[in-house]
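In each ligand, atom 1 is the first atom listed, and ligand 1 is the first ligand listed.
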Amino acid sequence: MANVKVAVRVRPFSARESADGGRLAVKVEDKFVRIRNMKLDGRTEGAVDSREKLLEFCFDYCYWSVDPAEPHYASQEEVFQDLGVSVLSGASEGYNVCLFAYGQTGSGKTYTMMGTPESIGLTPRICQGLFRSEDNFPDGQNSSRVEISFLEIYNERVRDLLRGGEQKKRASLRVREHPEKGPYVQDLSQHVVSDCKQAMDLLEEGIANRITAATHNHDASSRSHAIFTIQYTQAILENNLPSETVSKINLVDLAGSERADPHYCRDRLTEGSNINKSLVTLGIVISALAQNSQMSNSCQSINSVASEGDGSTVGSHSSSLSGGGGGGGRRHCFIPYRDSVLTWLLKDSLGGNSKTIMIATVSPSANSYNETLSTLRYAAHARNIVNKPRVNEDANVRLIRELREEIDRLKSMLLSFEMQRNPSPSLSDERDGNLSEIVLQNELKVEQLTKDWSESWRDKKELLEQYSVDINRDRAGFLISSLQPHLVALDGDVLSTGVVFYHLRILPLLLLLFHSVLLEKLLRKGRSHLHRTSEPI
Ligand code: ADP
Ligand code: MG
């Protein structure tokens with residue numbers, strides 16, 4: 001169980017806000033953010049509730065990034081040291097991790113998540129950190145694989161930001177649901193990277209593709225939600241005990257909410273309404289999850305909830321969550337993940353197997369009071385969500401570990417029997433013999449499984465490094481991911497499990513020739529199958 005961690009970052013005044021007088025409405029002190037409603041400043045104490053004038057919220061981290069000259073200014077590095085490092089440590093332990101930025105348009109989401117060339121943001125720093133942490137392991141003890149994908153959700157359609165070719169770039173992809181792994185994007189390209197430079201190149205390529213879509217609509221602000229996913233698989237063999245974990249790191253830069261302006265063109269209004277639709281759904285999902293988590297909490301400890309509130313010290317905020325009444329007999333709310341592509345894809349990150357961090361970005365200006373207050377309320381809700389992250393361990397490795405535990409248990413039983421030998425030696429000898437036999441068999445099983453696991457990991461890594469091919473065993477068969485041209489031949493014998501993979505690394509013209517000749521030959525023999533990338537055989 002882990003609460004969603006929430007951070008708030010206040011950006012510098014924009015040129016327009018400074019020209020308007022640069023009135024400061026937000027203050028940050030330690031873990032508290034205070035927001036002042038300047039419109040109520042002239043009113044007497046009796047006329048308005050003093051709590052409406054100054055609202056206070058408490059978060060896990062608060063960053064003041066308004067003026068670099070100020071002593072408590074939070075730079076990109078400081079934000080990374082808290083949030084980025086906790087993403088990396090979660091991933092290295094084998095948990096899924098999600099970090100998403102939320103806020104009004106122009107409040108600094110993209111700056112925080114991606115940054116600028118002079119001051120890089122969380123995503124590139126996390127990529128650097130991932131490869132840096134790998135160097136810390138002594139040779140031979142640790143081996144890992146990093147795969148990257150990058151997508152954007154624009155007008156409720158999913159597009160691959162790393163797919164070569166203009167047509168493929170524009171094609172929208174389908175979101176499907178895997179019975180165990182949950183929602184995923186079909187045919188999304190996965191790129192195996194072996195160093196930080198490759199990862200950064202992919203990130204830059206994706207950002208460039210994203211920006212092209214945005215400038216088309218004459219807006220400097222990104223008009224799509226972008227999800228950069230790193231799949232980090234680690235294999236460690238220590239004292240002959242294997243460990244293999246897979247962690248999915250989702251780094252999300254949401255498009256910002258904005259008010260509809262009647263002067264906008266139709267496309268722009270549709271785009272805005274789609275962004276707002278997904279953000280509203282995200283809000284509903286967050287509220288419902290927070291409410292469910294609070295209800296579960298209240299079942300465990302009836303007294304604790306009322307005093308905690310929703311992180312804000314203002315009564316009205318907590319009451320909106322806990323609602324009226326005792327809550328004891330109420331049922332859990334339905335979570336409408338499917339109402340938008342964004343929430344559907346982030347289902348696990350928001351309410352399941354993930355350690356999740358939200359960074360809410362706000363403007364310091366009094367002009368943005370309403371938007372900032374709504375962002376802070378939203379963030380306060382998110383802080384109540386309790387997720388259930390678990391270490392994603394390989395099934396074979398888990399079996400090896402469990403068998404080893406069983407062996408240890410049996411060995412200690414044997415030892416205790418030996419120590420308290422009873423008067424009938426023949427009976428105890430028989431029992432000891434049986435136990436010793438089970439121990440021996442389990443030890444042989446563990447040895448074989450460990451050997452198989454080490455070999456398959458080594459083969460897989462070699463395949464990836466040499467041919468950029470990833471072969472995974474799936475429910476229906478094998479899943480082969482390769483962006484290179486290739487042929488796959490299956491043995492005609494149905495009992496044979498052999499698969500031959502032809503990796504075609506020659507010039508396209510020769511390749512085409514070779515491809516057709518070989519294919520014809522194989523087909524004539526009647527025992528081949530041409531296989532397209534990423535489809536199960
Ligand atoms: P959003 O993605 O929320 O629409 P951006 O990240 O594009 O907003 O930020 C809008 C502008 O504000 C950009 O010019 C960006 O460089 C600047 N900005 C945002 N946050 C900061 C910050 N913490 N420090 C310096 N400049 C910032
Ligand atoms: Mg942006």
Side-chain angles (χ1 to χ4, degrees), residues 7-20 22 24 26-28 33 61-70 72-84 99-125 150-155 161 203-204 206-228 251-259 261 268 271-272 274-276 278-279 282 342 358-365 367-368 370-372 374-376 378-379:
V8 170
R9 187 178 197 189
V10 190
R11 68 150 164 77
F13 280 102
S14 68
R16 197 192 291 167
E17 286 166 349
S18 300
D20 278 356
L24 197 69
V26 184
K27 265 192 182 164
V28 162
V33 177
Y61 306 96
C62 296
Y63 301 108
W64 183 254
S65 301
V66 178
D67 183 0
E70 287 179 84
H72 60 306
Y73 172 80
S75 64
Q76 298 276 62
E77 175 61 19
E78 261 164 79
V79 176
F80 169 75
Q81 283 305 332
D82 290 333
L83 310 186
L99 173 61
F100 70 98
Y102 175 84
Q104 172 201 358
T105 292
S107 59
K109 298 179 295 297
T110 306
Y111 182 86
T112 300
M113 292 305 293
M114 308 296 181
T116 56
E118 306 78 48
S119 172
I120 58 171
L122 283 167
T123 309
R125 281 172 199 264
F150 200 2
L151 64 86
E152 72 173 348
I153 305 169
Y154 180 71
N155 275 344
L161 290 172
L203 181 64
E204 273 167 30
I207 292 175
N209 285 337
R210 191 183 174 204
I211 287 168
T212 313
T215 46
H216 172 70
N217 289 290
H218 314 291
D219 198 324
S221 188
S222 10
R223 312 301 300 148
S224 67
H225 308 299
I227 307 182
F228 184 79
L251 303 169
V252 189
D253 178 20
L254 296 178
S257 53
E258 63 173 351
R259 290 193 208 117
D261 185 330
R268 179 69 195 278
E271 185 192 80
N274 274 323
I275 293 173
N276 288 342
S278 49
L279 292 175
L282 183 64
L342 176 74
M358 168 180 180
I359 177 150
T361 53
V362 295
S363 149
S365 165
N367 296 354
S368 303
N370 287 334
E371 286 83 357
T372 303
S374 119
T375 302
L376 293 175
Y378 208 91

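Each of the following atoms of ligand 1 lies closer than 4.0 Å to a heavy atom of R9: 23 (N). Near G108, meaning under 4.0 Å from one of its heavy atoms, ligand 1 places the atoms 1 (P), 3 (O), 5 (P), 6 (O), 8 (O), 9 (O), 19 (C), 20 (N). Remark: ligand 1 atoms within the under-4.0 Å shell around heavy atoms of S65 are 23 (N). In the vicinity of T105, heavy-atom distances shorter than 4.0 Å reach the ligand 1 atoms 4 (O). Each of the atoms 3 (O) of ligand 1 lies under 4.0 Å from some heavy atom of Q104.
Using a non-hydrogen distance threshold of 4.0 Å, Q76 does not register as a contact of ligand 1. Contact annotation: G103 has no heavy atom less than 4.0 Å from any atom of ligand 1.
To the nearest 0.5 Å, atoms CG (D253) and CE (M114) are separated by 5.0 Å.
Side-chain atoms of S363 and E17 include a donor-acceptor pair closer than 3.5 Å. Side-chain contact check for S224 and R210: at least one donor-acceptor pair (N or O, by modelled atom type) lies under 3.5 Å.
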Original post:
Can you check side-chain contact (heavy atoms from CB on, under 4.5 Å) on I227 and F100, steps first, answer last?
Top reply: CA-CA 9 Å; I227 307 182; F100 70 98; over 6 Å; no
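The aromatic rings of Y378 and Y102 sit parallel, their planes meeting at an angle under 30°, below the 60° perpendicular limit.
Under 4.0 angstrom from ligand 1, there are no non-hydrogen atoms of S14.
For the Mg ion (ligand 2), the N/O/S atoms of T110 include one lying under 2.8 Å.
At under 3.5 Å, a nitrogen or oxygen of K109, whether backbone or side chain, sits near a nitrogen or oxygen of ligand 1.
A heavy-atom distance below 4.5 Å is not found between the side chains of Y111 and T361.
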